[in-house]
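Atoms considered below: every heavy atom in the structure, side chains included; atoms not considered: hydrogens, waters and symmetry mates.
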Amino acid sequence: MMFNVKADVVLGLNHGDEGKGKVTNSLVKQKDYTHVVRFNGGANAGHTIYHKGQKVVTHAVPSGVLHGVRSVIGPGCVISPKLLLEEIADIESAGVSTEGLIKIARNAHIVTDAHLEEELKESRIGTTKRGIGPAYRDKYARVGTLAETVPELKEFIVDMQEEFYSSDKPLRVLAEGGQGFALDIDHGEYPYVTSSSCTVGGFIANGFPPQSINHVYGVIKAYATYVGSNTSFEGSDPIFAKIREAGGEFGATTGRPRMVNFLDMDLTRKAILFNGVDRLIVNKMDILQQVETWRVKEGGQVVNLLSEEKFKEYLTKAFPNTQIMFSYSPKDI
Ligand code: IMP
Ligand code: MG
């Protein structure tokens with residue numbers, strides 16, 4: 001017996017919507033992965049991917065499918081069968097064959113119609129109304145429904161041990177995290193969080209040992225955004241509305257306008273430390289170019305860096321143990 005799995009993990013380090021989908025997409029194209037794995041969350045996520053010039057938004061389906069890579073929804077996820085099957089149909093009608101590529105861990109949990117209904121009236125923390133909280137609540141209360149018991153999902157069901165450890169054949173996994181560090185159930189801004197683990201630990205809990213991890217890619221944007229009921233997020237500076245417009249900051253799942261602020265250096269540093277991030281991708285640099293503002297937040301203060309060059313220098317100094325890549329293109333890296 002040997003450890004035959006090597007994994008790269010892509011994580012959001014802020015409040016979600018950092019552009020993880022773009023990073024995943026680009027890594028899948030560059031490297032020879034045998035699997036893409038989603039390890040937390042459910043249809044609350046919204047990955048916007050540009051595939052052959054076409055905009056495809058995925059919620060439940062791991063984006064590896066768009067590149068013909070076998071894609072597994074791990075046991076840390078929750079699945080709404082109806083939304084998943086609809087999404088598969090949508091991807092098929094965009095001309096992408098998903099045949100035999102989508103796999104669901106038999107012990108992933110189900111978001112039931114009752115869970116979805118329960119969330120219709122939810123506004124306390126401003127969820128995506130995809131039944132995520134109720135499904136995880138029932139999982140942890142040990143009254144949940146396993147994916148393997150749902151007839152419509154039968155053709156997709158796999159066992160994690162069989163899928164990843166039944167031969168010595170080397171496997172190369174790209175894990176894509178849902179949401180982001182500030183939404184993590186343990187480390188996020190409770191109660192304004194999601195109900196799953198958005199950290200590298202969440203990936204390990206899906207059945208991948210620490211030794212399997214190669215690189216941890218952390219993703220942020222050059223500025224901060226958040227959707228939910230914590231209205232203290234966006235300050236009064238009119239620049240935030242400009243950034244929202246320039247950056248097209250409206251939710252991929254719910255269409256809600258995202259609140260905007262300057263990049264939170266303290267949060268980002270903590271996320272890098274807690275996840276062992278060794279590659280940092282800073283997305284949407286082009287938006288700050290457009291609005292000609294280069295500011296960050298640190299220690300409760302706004303730091304005005306005055307130029308793009310100074311902004312880059314500041315981040316490079318602040319996060320010395322990670323290789324930083326600044327990304328400008330709204331599409332592929
Ligand atoms: P839930 O995950 O639907 O329960 O929502 C909990 C909080 O996480 C809310 O503030 C949501 O807006 C936020 N959230 C959940 N998924 C995402 C995401 O993929 N991107 C951004 N915010 C998210
Ligand atoms: Mg999103």
Side-chain angles (χ1 to χ4, degrees), residues 5-12 16-17 19-106 108-111 130 147-148 150 152-160 162-164 171-179 196 202-203 206-208 217 219 252-253 331-333:
V5 177
K6 278 285 163 212
D8 291 331
V9 185
V10 176
L11 299 172
D17 306 317
K20 296 177 290 291
K22 191 180 79 167
V23 173
T24 305
N25 193 40
S26 145
L27 285 171
V28 169
K29 277 196 267 182
Q30 287 167 37
K31 300 196 185 182
D32 186 21
Y33 295 108
T34 57
H35 291 79
V36 171
V37 172
R38 277 202 57 178
F39 62 86
N40 74 300
N44 49 347
H47 285 181
T48 306
I49 292 155
Y50 293 85
H51 182 68
K52 296 185 178 147
Q54 211 177 337
K55 181 174 165 180
V56 184
V57 181
T58 62
H59 297 284
V61 173
S63 46
V65 166
L66 303 179
H67 303 276
V69 180
R70 199 172 169 93
S71 297
V72 178
I73 299 173
C77 297
V78 292
I79 296 151
S80 162
K82 189 168 149 273
L83 295 179
L84 178 75
L85 296 173
E86 274 171 21
E87 192 173 314
I88 293 173
D90 284 354
I91 295 172
E92 291 275 349
S93 60
V96 182
S97 168
T98 65
E99 189 72 45
L101 293 179
I102 299 172
K103 304 293 165 193
I104 299 172
R106 57 161 200 83
H109 275 250
I110 294 299
V111 178
R130 294 298 187 275
E148 68 183 348
V150 177
E152 299 94 292
L153 298 181
K154 205 167 177 71
E155 61 176 302
F156 304 110
I157 296 295
V158 291
D159 174 87
M160 291 297 281
E162 269 168 36
E163 182 70 21
F164 293 100
L171 299 178
R172 292 167 307 278
V173 168
L174 180 63
E176 57 178 33
Q179 292 78 52
S196 66
F203 169 65
N206 277 243
F208 299 95
Y217 293 85
V219 189
T253 301
K331 297 190 178 170
D332 289 330
I333 291 179

Which heavy-atom pair separates [X] from [Y] by the least distance, and what is that distance?
| X | Y | answer |
| --- | --- | --- |
| A147 | A105 | CB-O, 3.8 Å |
| S63 | T24 | OG-CG2, 3.5 Å |
| V65 | V96 | O-CG1, 3.8 Å |
| A45 | R38 | CB-NH2, 3.7 Å |
| F39 | A175 | CD2-CB, 4.1 Å |

Quick one, [X] and [Y] - any side-chain contact, counting heavy atoms below 4.5 Å?
| X | Y | result |
| --- | --- | --- |
| I73 | F156 | no |
| E92 | T98 | yes |
| I110 | L153 | yes |
| V61 | L84 | yes |
| L101 | S71 | no |
| K103 | R70 | yes |

- prompt: Taking the six-membered ring for Trp, are F164 and F208 parallel (under 30°), tilted (30 to 60°) or perpendicular (over 60°)?
  reply: perpendicular

- prompt: What do you reckon, are the aromatic ring centroids of H67 and Y33 less than 6.0 Å apart?
  reply: no

